[in-house]
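The sequence lines fix the lettering, A, B, ..., with proteins before strands; numbering per chain opens at 1. We use all heavy atoms of the structure for the numbers below, so side chains are in, but hydrogens, waters and symmetry mates are not. Note that the structure is predicted; figures quoted are calculated from it, not measured.
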There are 2 protein chains.
Amino acid sequence: MLDERNREILCAIVQSYINNPDPVGSRFITRKYAFSLSPASIRNIMSDLEEMGFLRQPHTSAGRVPTDKGYRFYVDYLCSNEQRHDDRAFFHEITRELESIKNDIDILLSEATRRLSNFSHYLGVALSPRAGSSTFSSIKLLKHRSNHVVTVLFTDEGLVRNKVVDVDFDLTQRDLNRIASYLNSEFYGHTLNEIRTKIVREMSEEKILCDTLISRAMRICREALSSPSGNIFISGFTEVLGLPDFSDIEKIKEISRAMEDKHLIIKLLDRFSESAGDEVQVVIGSENSLAGMKGFSIVAATYKEGSRPVGSVGVIGPTRMDYSKTIAMVDIVSKFITKVIEGK
Amino acid sequence: MLDERNREILCAIVQSYINNPDPVGSRFITRKYAFSLSPASIRNIMSDLEEMGFLRQPHTSAGRVPTDKGYRFYVDYLCSNEQRHDDRAFFHEITRELESIKNDIDILLSEATRRLSNFSHYLGVALSPRAGSSTFSSIKLLKHRSNHVVTVLFTDEGLVRNKVVDVDFDLTQRDLNRIASYLNSEFYGHTLNEIRTKIVREMSEEKILCDTLISRAMRICREALSSPSGNIFISGFTEVLGLPDFSDIEKIKEISRAMEDKHLIIKLLDRFSESAGDEVQVVIGSENSLAGMKGFSIVAATYKEGSRPVGSVGVIGPTRMDYSKTIAMVDIVSKFITKVIEGK
DNA sequence: GTTAGCACTCTCAACAGGAGAGTGCTAATA
DNA sequence: TATTAGCACTCTCCTGTTGAGAGTGCTAAC
């Protein structure tokens with residue numbers, strides 16, 4: 001589709017535009033990248049590339065700017081050539097700084113997003129282990145005031161989550177212990193999603209209605225699981241405001257809206273964590289299926305427990321993003337988190 | 001210091017500027033507020049008010065704009081006259097929408113800030129009960145993996161907080177129960193701050209070193225209490241971007257920086273919750289002692305448990321803020337939260 | 001004390017002109 | 001046939017000018 005020379009010129013244009021957000025002209029390319037071609041030839045090629053949809057002109061007599069398709073080509077080219085960005089400095093920073101907070105996965109993720117945004121100047125995002133697909137390890141029930149029960153849920157991924165549950169019946173701590181041990185033996189090793197559907201099914205069968213202990217256990221457990229979406233961490237808004245891509249107030253509103261709609265981002269990251277692939281994934285601008293996100297690019301990867309992806313971490317930024325650097329950084333962070341989770 | 005007429009004119013100017021962010025001129029005041037004075041007279045008065053520091057001119061031959069001192073006068077005047085803003089609609093919204101989430105104080109606060117920002121178009125903020133000054137109710141310790149303990153801390157204010165603590169010694173659940181009951185009997189009724197200092201003191205005395213059970217208990221407890229600052233909730237950034245006061249990108253950066261520096265806002269709100277007063281408090285622009293906040297106003301109030309303030313809720317916005325409406329709203333929300341906490 | 005009148009100042013929007021950058025096309029060249 | 005030099009053209013952006021509009025401060029009259 002594109003011969004080698006055109007490929008290189010396209011990449012040079014994208015590269016140059018990423019470094020500096022001015023439309024790039026033919027003259028500039030010849031000077032900077034020395035293809036031993038005259039500006040006129042570059043112009044011809046650029047004209048071809050524009051016709052094929054890789055570039056566009058903001059207006060006649062401006063230089064060219066990559067389209068989303070152009071960025072996509074660039075990213076794929078990057079990956080196939082496996083030119084590693086030099087990321088050792090970042091790697092050391094990350095491992096050194098995050099080494100000390102292994103206990104609490106939430107704090108770890110929140111700090112990780114902070115580093116990501118600091119180094120990339122884009123938005124760092126992370127989704128804590130998805131409650132849905134994580135594995136039930138055990139549950140404890142604690143009596144609290146007259147008619148509240150505190151549930152403490154443990155998963156294999158190291159998640160510990162408590163929840164206050166209203167109960168309309170009176171239970172002693174002894175009752176609660178019995179209920180807990182029932183739930184533990186019943187659900188051990190299942191994913192929370194499985195458990196949730198199981199509860200719904202069993203509660204609709206009438207046999208449950210007879211046995212009040214089990215029925216109560218089910219109701220409490222259902223409540224304990226009732227927040228299916230993991231925590232989300234976003235940071236680096238101020239970083240983003242410094243980028244020339246966000247000098248326009250409308251663009252700022254756009255990303256701020258996207259940021260405040262947590263559900264949107266959760267959905268987005270959830271999609272990533274469904275794919276079990278090992279590589280960092282990149283979604284560029286209009287490739288994004290969510291309406292509010294079509295103006296941005298996402299670079300994200302999953303972190304895993306065993307071979308199963310349990311959550312994701314990544315970066316959201318303008319389509320004019322330093323993909324090479326960002327991909328390397330996200331890769332490092334996701335692998336680091338995986339390592340921490342497995343090491344526990 | 002100011003006679004009645006001057007007071008009214010000053011308030012009219014502030015009012016008008018709050019409604020519409022154009023410098024207000026003498027002509028406009030005579031037409032809109034009909035003081036049966038000519039523009040020339042108003043001009044004289046305005047000139048006096050400017051000299052006294054209540055108003056300023058963006059440039060010669062522009063109208064006047066209130067200074068922080070001007071806003072301060074307006075707010076005090078408002079309070080002394082006790083002109084209640086009509087807030088019934090908001091009151092009903094709030095009570096209706098938040099009624100259903102009484103269990104979890106964190107969710108309640110996060111929703112409350114959302115409503116506040118939606119209705120005010122400013123930033124809604126809240127600080128969850130300060131761990132420091134809240135009262136220890138009980139603690140449970142749960143064994144988790146080989147060398148982790150999960151601590152679940154309960155306070156009288158309804159806070160439930162868990163934390164994973166590393167331990168370098170092996171303990172059975174039975175040991176943990178003994179430790180927990182020791183801690184419960186030792187610390188019941190004290191504030192977390194008191195407990196913290198107590199632990200520090202006792203750990204420095206050598207007698208602790210002899211008794212490993214107590215020493216271990218102390219160490220675990222210290223970890224359990226180790227995040228002194230409460231959670232903070234901020235919402236409504238997109239709302240703020242719609243205000244004319246934030247059409248300037250520098251101003252946006254300023255508030256975004258303030259927002260991301262959670263510690264700053266925690267400090268700010270903490271200061272509010274130290275004052276035990278019952279009324280909504282207003283800090284205007286430069287009155288603020290924190291550097292990053294001098295460009296904004298804060299309207300906040302504490303919510304209480306018994307008569308003791310435990311946390312705060314409020315609004316951050318531009319100095320050109322609709323103080324009357326905002327004060328009424330913050331008052332309603334803080335009282336509502338107090339009611340919920342006490343009702344538990 | 002209040003007001004009419006007036007000169008003055010400052011902002012803002014619209015417009016014009018010129019520099020600069022980059023293009024597309026054409027004709028010459030290797 | 002691919003490449004290139006040359007050139008006219010287009011578009012943006014910056015700058016300077018100009019006039020309208022709004023508001024002021026001052027002075028003198030009421």
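Under 4.0 Å is where a charged nitrogen must lie from a carboxylate oxygen, and between B:E50 and B:R64 at least one such pair does. By the 4.0 Å N-to-carboxylate-O rule, B:E4 lies close enough to B:R7 to be salt-bridged with it. Contact check on A:E287 versus A:R72 returns a salt bridge, with a Lys/Arg side-chain nitrogen under 4.0 Å from an Asp/Glu carboxylate oxygen.
Residue B:T60 places at least one side-chain N or O closer than 4.0 Å to OP1 or OP2 of C:dC10. At the phosphate of D:dT27, neither OP1 nor OP2 sits under 4.0 Å from any side-chain N or O atom of B:R43. Between A:R5 and D:dT3 there is a side-chain polar atom (N or O) within less than 4.0 angstrom of OP1 or OP2. Contact annotation: B:R64 side-chain N/O to D:dG23 OP1/OP2 distance is not under 4.0 Å. Applying the 4.0 Å criterion to OP1 and OP2 of D:dT4, one finds that A:S38 has a side-chain N or O inside that range.
When rounded to the nearest whole Å, the span between CE of A:M46 and C1' of C:dA21 equals 13 Å. Here D:dG25 presents its P atom at 8 Å from CG of B:N44, a figure rounded to the nearest Å. Computed from coordinates, the A:H59 NE2 to C:dG24 P distance equals 13 Å when rounded to whole Å. Atoms CZ (A:F28) and P (C:dT23) sit 12 Å apart, rounded to a whole Å. Nucleotide C:dG1 holds its P atom 16 Å from the CD1 atom of B:I42, rounded to whole Å. As a whole-Å value, the separation of A:D22 CG from D:dT12 P is 15 Å.
Separation of the B:F237 and A:F237 ring centroids falls under the 6.0 Å cut-off.
Residue A:A40 places its side chain closer to D:dA5 than to any other of D:dA5, D:dT24, C:dA4. In this structure, the nucleotide among C:dT2, C:dT23, D:dG25 sitting nearest to the side chain of A:S26 is C:dT23. Here C:dT9 is the nucleotide among D:dT24, D:dT12, C:dT9 with the atom lying nearest to any side-chain atom of B:S61.
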Stepwise side-chain hydrogen bond (donor to acceptor under 3.5 Å, both in side chains) check, A:S256 with B:T238: CA-CA 6 Å; A:S256 145; B:T238 313; 2.7 Å; yes
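Counting any heavy atom pair closer than 4.0 Å across all strands shown, A:S41 reaches a base atom.
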